[in-house]
Amino acid sequence: MARPLSVVIDRHRIRENLRAIRATTRIDLIAVVKADAYGFGAGEIVEAVSDLVEGFYVFTLDEAIDAHIGERSGKPVLALAFDESIDAKVYLRHHVRPIVWNPRQAARLRDARPVLSVDTGMQRLACPARDIDAALRAGAIDEAFTHATRIDQVDRLIELVGRRGLKLHAAGTALLDDPRARLDAVRPGLAMYRGAARLATPLVETRAGIGPAGYTGFHADHHGIILAGYFNGLRPGPCRVNGRASRIIEVGMQSAFVELTPQDQPGDEVVLLDDTLTESEIAREWHCSPQEVLVHLVGSSNRLYSP
Ligand SMILES: *Cc1c(COP(=O)(O)O)cnc(C)c1O
């Protein structure tokens, strides 16, 4: 069987990250634990942080039910109400408040205290301006939010649903540092998980390069092999070997080539992600978002928790 790598997850670091977010924002925290907590394990993360937050956010109701998020934490869980056949009672039973984006959903799920998703530009799973009043009335709604990555989207939320006594939130990680985006709560995802995963694997082979190597015929004076490949979510990009910045030159299904110096030996550790080689640094070279790096690397690994 193909072997996943082991990633070590530092729950204490995640708690520290949340405490730091609280210290700067001084408002309610809704911890985003969708996609199995970005690969960190939704059940374990909810267990580890529920005393520090006011609620949780997931994408689907199933995610909340499978990880027992409401039951474990006793805190409200927000989940998008995709399946129209599911009754308000199911949401209530699992401490889930359905997120709705049209008057029909709002009316159907009124008893489960729905939350309105407001379209401020994303044009996805959110209520357009013309339907807002009807949706608020139909669901007796007291909380609304938008998915904002820019401050003008926050301004638009306030323009559309401000000054009505609703609890409002907009900011994920991208807007945490902007006081105008904080409103009544923030929804950090990435900012919770930063620096909290360590992924490393030993060199199994090292050698001096003789002419073109690998699938792509690359040239390196010295290179080594690790047993991690795209099966493990890895891509060509930065890594660290013996405390030094190095590179993953080429990635195969379950192995990869690493650029080395003559001093590096089999058994030496190659760091693929930790608090000195961050998901943001990797994301720049992979040309993707830091969230995507976490889901790839942490999400395809076997999780170990410390402490
Ligand atoms: C994923 C998500 C977040 C968190 O985003 P980050 O950028 O990872 O902090 C916040 N709100 C909503 C609605 C989301 O879907």
Side-chain angles (χ1 to χ4, degrees), residues 1-14 35-41 44-45 190 192-307:
M1 203 177 97
R3 236 162 45 107
L5 296 179
S6 289
V7 62
V8 181
I9 292 171
D10 181 353
R11 285 174 289 197
H12 180 72
R13 175 65 181 263
I14 295 175
D36 205 15
Y38 292 31
F40 286 69
E44 287 82 355
I45 299 309
L190 176 65
M192 279 176 70
Y193 304 107
R194 276 185 179 142
R198 184 169 199 280
L199 188 62
T201 188
L203 289 164
V204 293
E205 195 173 282
T206 63
R207 63 174 73 197
I210 40 165
Y215 292 100
T216 56
F218 68 85
H219 290 266
D221 291 343
H222 292 270
H223 70 252
I225 302 296
I226 55 173
L227 299 186
Y230 44 81
F231 171 78
N232 308 95
L234 191 62
R235 296 179 191 173
C239 66
R240 296 185 74 79
V241 184
N242 291 320
R244 191 187 69 244
S246 185
R247 300 200 56 76
I248 304 295
I249 308 167
E250 191 186 286
V251 176
M253 179 79 88
Q254 289 166 280
S255 69
F257 290 91
V258 186
E259 192 172 84
L260 298 181
T261 66
Q263 289 78 43
D264 301 318
Q265 297 299 322
D268 290 355
E269 197 180 56
V270 178
V271 173
L272 304 175
L273 174 72
D274 73 358
D275 63 351
T276 63
L277 175 59
T278 66
E279 56 285 328
S280 298
E281 190 179 339
I282 297 168
R284 275 193 295 277
E285 303 218 20
W286 286 14
H287 304 288
C288 68
S289 69
Q291 288 88 338
E292 198 174 333
V293 171
L294 292 181
V295 170
H296 271 265
L297 289 181
V298 181
S300 32
S301 298
N302 177 31
R303 298 184 293 256
L304 305 173
Y305 292 91
S306 84

So for atom [atom1], which belongs to [X], do other residues, nucleotides or ligands contribute more than 12 heavy atoms lying within a distance under 6.0 Å?
X: Asp221; atom1: CG; answer: no
X: Arg207; atom1: CZ; answer: no
X: His219; atom1: NE2; answer: yes
X: Ile210; atom1: CD1; answer: no

Taking every non-hydrogen atom, the tightest pair across [X] and [Y]:
X: Pro290; Y: Ser280; value: CG-OG, 3.9 Å
X: Asp268; Y: Gln263; value: OD2-O, 4.3 Å
X: Gly233; Y: Leu297; value: O-CD2, 3.6 Å
X: Pro212; Y: Gly217; value: CB-O, 3.6 Å
X: Val251; Y: Pro236; value: CG2-N, 3.4 Å
X: Gly237; Y: Glu285; value: CA-OE1, 4.4 Å

Quick one: pull up [atom1] in [X] and [atom2] in [Y] and give me the separation to the nearest 0.5 Å.
X: Ile282; Y: Leu272; atom1: CD1; atom2: CG; result: 7.5 Å
X: Leu260; Y: Ile249; atom1: CG; atom2: CD1; result: 7.5 Å
X: Leu203; Y: Leu227; atom1: CG; atom2: CG; result: 10.0 Å
X: Ser301; Y: Phe40; atom1: OG; atom2: CZ; result: 10.0 Å
X: Asn242; Y: Glu269; atom1: CG; atom2: CD; result: 8.5 Å
X: Glu279; Y: Glu292; atom1: CD; atom2: CD; result: 13.0 Å

Does Arg13 reach the side chain of Asp275, with side-chain heavy atoms less than 4.5 Å apart?
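Side chain of Arg13 against side chain of Asp275, heavy atoms only: contact under 4.5 Å found.
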
Are the side chains of Ile45 and Tyr38 in touch, meaning some heavy atoms are under 4.5 Å apart?
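Side-chain contact under 4.5 Å: no.
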
Would you confirm whether [X], through its side chain, and [Y], through its main-chain N or O, come within 3.5 Å as a donor-acceptor pair?
X: Arg303; Y: Gly39; answer: yes
X: Glu250; Y: Tyr215; answer: yes
X: Ser246; Y: Glu259; answer: yes

Test log, rule side chain to side chain contact (heavy atoms under 4.5 Å, CB included), inputs Ile248 and Ile226:
CA-CA 9 Å; Ile248 304 295; Ile226 55 173; 4.0 Å; yes

Evaluate side chain to side chain contact (heavy atoms under 4.5 Å, CB included) for Arg198 paired with Val271, printing each intermediate quantity in order.
CA-CA 8 Å; Arg198 184 169 199 280; Val271 173; 3.5 Å; yes

Verdict with supporting geometry, Val298 and Leu199, side chain to side chain contact (heavy atoms under 4.5 Å, CB included)
CA-CA 8 Å; Val298 181; Leu199 188 62; over 6 Å; no

Assess the residue pair His296 and Trp286 against the criterion (side chain to side chain contact (heavy atoms under 4.5 Å, CB included)); give the C-alpha distance rounded to whole Å, side-chain angles, the decisive distance to 0.1 Å, and a yes or no.
CA-CA 11 Å; His296 271 265; Trp286 286 14; 4.1 Å; yes

Going through the checks in order, is the salt bridge (Lys or Arg N to Asp or Glu O under 4.0 Å) test met by Asp274 and Arg240?
CA-CA 10 Å; Asp274 73 358; Arg240 296 185 74 79; 5.8 Å; no

